[in-house]
Asker: 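Could you have a look at this structure, given as structure tokens, before my questions?
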Amino acid sequence: MNLARFPRRRYTPHATAIEPLDNLSAALGGPRIHIKRDDTLGLAAGGNKTRKLEFLVADALAQGADTLITVGAVQSNHCRLTLAAAAREGLKCRLVLEERVPGSYDPAASGNNFLFDLMGVETIKVAPAGTNLDEAMTSIGADLAGQGRRGYVIPGGGSNPLGALGYVACANEIIEQGFEMGLAFDHIVCASGSAGTHAGLLVGLHGRGAGIPLIGVNVRRPRAEQESNVHALAVATAKLLGVPAPERAEVTALDEWVGPGYSLPSDEMVEAVRMLARLEGVLLDPVYTGKAMAGLIGLARRGAFKSGETVLFVHTGGSPALYAYQDVLRS
Ligand SMILES: Cc1ncc(COP(=O)(O)O)c(C=O)c1O
């Protein structure tokens, strides 16, 4: 596996820490839970998209782009980080925000939405759910071309094979850190949304023959659909890298913690966000990591992990969205 063949910008000058969550582990009565602090990655407020953007923005620069174009939900962490990368590189950024919940876009909202304005987004186009988002982005690119500019389209969540390389790199980092720290992980748990994180980790773990099962916790889609998405992206990512692809049977994307729907609060999410804040001083987010951690807690309570096992939770960031959910998260 030779990731060095791919041009890469560097937005985090260090590996993210792996820390024990002793208080959470004690509260759940085992297993031993550790956390991979990808919420501390570089660019504004960190999170998983920073790893994907290292490869995607390097490609945009190689193609002579002056503007990044991307899409996300109204409180999108991916849009916040794409905009931050654009600012860092001296590029412009145009966003398409999909109203996955009708009426949910509020230009005066807090959280990531506030940061879009603060970091100088060039334009925001709000699209109702069901809009052909690829077409919306292509048409922005065509407008820019008409002005003599050059746009670079980044798919939702940065989840194409090039972006997923960021999480292949993360899998390598986890394997090296586990070795250095004397930690043999029995399971790894992550949120599974646009699938790049899940697919990239899977390709990295499989390619290194790590033998660590990976559990994705869905935030939006039914299990079978999400597992197919993750597998298709994993196969394409493995092909790009020239490594063997994981089998479909290696993909697990549980859908029991989606709750009422994408971005909609659930009791389990609220409990997980409060537990991590109060037991560990760690901020999760209401849309992704709160639900993924709810999955880990639920699995631990139902005995899915043995008490002596070591479980790694990949904290993919998102805390700015907490400020847009104060009404459900306050005591
Ligand atoms: C904080 C956070 N965690 C997890 C995810 C899910 O990652 P992916 O889209 O790569 O599946 C996202 C996606 O936007 C996110 O913002």
Side-chain angles (χ1 to χ4, degrees), residues 16 35-41 43-56 70-84 95 97-98 100 111-113 115 154-171 188-204 214-221 225-234 237 251-255 257-258 262-263 269 272-273 276 282-296 313-325:
T16 60
I35 189 166
K36 172 75 172 157
R37 297 297 306 265
D38 269 18
D39 57 319
T40 65
L41 286 165
L43 298 176
N48 59 347
K49 301 309 179 289
T50 298
R51 287 192 192 267
K52 302 180 185 182
L53 287 161
E54 290 189 337
F55 292 94
L56 292 164
T70 199
V71 63
V74 296
Q75 277 291 341
S76 169
N77 298 304
H78 165 67
C79 287
R80 182 231 318 151
L81 285 166
T82 302
L83 178 55
L95 299 176
L97 298 183
E98 185 192 15
R100 293 179 191 165
N112 286 314
N113 190 76
L115 299 178
I154 295 178
S159 285
N160 59 12
L162 198 57
L165 294 184
Y167 271 85
V168 177
C170 180
I188 298 178
V189 178
C190 70
S192 192
S194 63
T197 303
H198 190 166
L201 285 173
L202 193 63
V203 170
L214 175 65
I215 303 171
V217 182
N218 296 353
V219 297
R220 185 174 184 190
R221 296 185 181 82
E225 184 185 343
Q226 183 67 5
E227 289 181 348
S228 296
N229 289 349
V230 172
H231 187 241
L233 184 54
T237 305
V251 183
T252 303
L254 305 177
D255 62 6
W257 288 277
V258 175
Y262 174 80
S263 79
M269 176 280 286
V273 170
L276 267 285
V282 169
L283 300 180
L284 298 177
D285 86 281
V287 182
Y288 299 94
T289 53
K291 289 184 176 175
M293 181 54 85
L296 187 158
F313 179 77
V314 182
H315 186 344
T316 43
S319 66
L322 286 173
Y323 307 103
Y325 283 75

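Along the sequence shown, the residues carry numbers beginning at 1. One-based numbering, in listed order, for ligands and for the atoms of each.
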Asker: Of all the non-hydrogen atoms in the protein, which one sits nearest to atom 11 (O) of ligand 1, and at what distance?
Answerer: G193 N, 2.7 Å
Asker: Where on V219 is there a heavy atom closer than 4.0 Å to ligand 1, on the side chain, on the backbone, on both, or on neither?
Answerer: neither
Asker: For ligand 1, indicate whether the residue S194 contacts it via side chain, backbone, both or neither (heavy-atom separation under 4.0 Å).
Answerer: both
Asker: Is T197 close to K52 at the side-chain level, that is, under 4.5 Å between some pair of heavy atoms?
Answerer: yes
Asker: Does S192 come within less than 4.0 angstrom of ligand 1, counting non-hydrogen atoms of the residue?
Answerer: yes
Asker: Looking at A234, is its backbone amide N or carbonyl O close enough to the side chain of H198 to form a donor-acceptor pair, meaning the two atoms are under 3.5 Å apart?
Answerer: no
Asker: Taking C-beta and beyond as the side chain, do S319 and D39 meet within less than 4.5 Å on heavy atoms?
Answerer: no
Asker: Is a side-chain N or O of T237 found less than 3.5 angstrom from the main chain of L233, in a donor-acceptor match?
Answerer: yes
Asker: Less than 4.5 Å apart, side chain to side chain, heavy atoms only: is that true for V219 and V258?
Answerer: no
Asker: Would you say A195 and ligand 1 have an N/O pair spaced under 3.5 Å apart?
Answerer: yes
Asker: Please could you name the atoms of ligand 1 that G318 approaches to less than 4.0 Å, counting only its heavy atoms?
Answerer: 1 (C)
Asker: Starting from atom 7 (O) of ligand 1, locate the nearest protein heavy atom and write down its residue, its atom name and how far away it is, to 0.1 Å.
Answerer: N48 ND2, 3.0 Å
Asker: What I'd like to find out is whether the side chain of R37 reaches to under 4.5 Å of the side chain of V282, using heavy atoms alone.
Answerer: yes
Asker: Is there a heavy atom of G196 sitting under 4.0 angstrom from any atom of ligand 1?
Answerer: yes
Asker: I'd like to check Q75 versus S263 (side-chain heavy atoms, cut-off strictly below 4.5 Å). Are they in contact?
Answerer: no
Asker: Do V314 and N48 make a side-chain contact, defined as non-hydrogen atoms from C-beta onward lying under 4.5 Å apart?
Answerer: no
Asker: Considering only the protein, which heavy-atom contact is closest to atom 14 (O) of ligand 1, and what is its distance?
Answerer: K49 NZ, 2.7 Å
Asker: Starting from atom 16 (O) of ligand 1, what is the nearest protein heavy atom, named by residue and atom, and what distance separates them?
Answerer: N77 ND2, 2.8 Å
Asker: Could you tell me the residue and atom name of the protein heavy atom closest to atom 1 (C) of ligand 1, and the distance to it rounded to 0.1 Å?
Answerer: G317 O, 3.2 Å
Asker: Determine whether the side chain, the backbone, both or neither of K52 has a heavy atom under 4.0 Å from any heavy atom of ligand 1.
Answerer: side chain
Asker: Is any side-chain heavy atom of Y167 closer than 4.5 Å to one of D38?
Answerer: yes
Asker: Suppose I only count heavy atoms of T197 and a 4.0 Å limit; which atoms of ligand 1 are within that range?
Answerer: 7 (O), 8 (P), 10 (O)
Asker: Among all protein non-hydrogen atoms, which one is nearest to atom 3 (N) of ligand 1, and what is the separation to 0.1 Å?
Answerer: T316 OG1, 2.6 Å
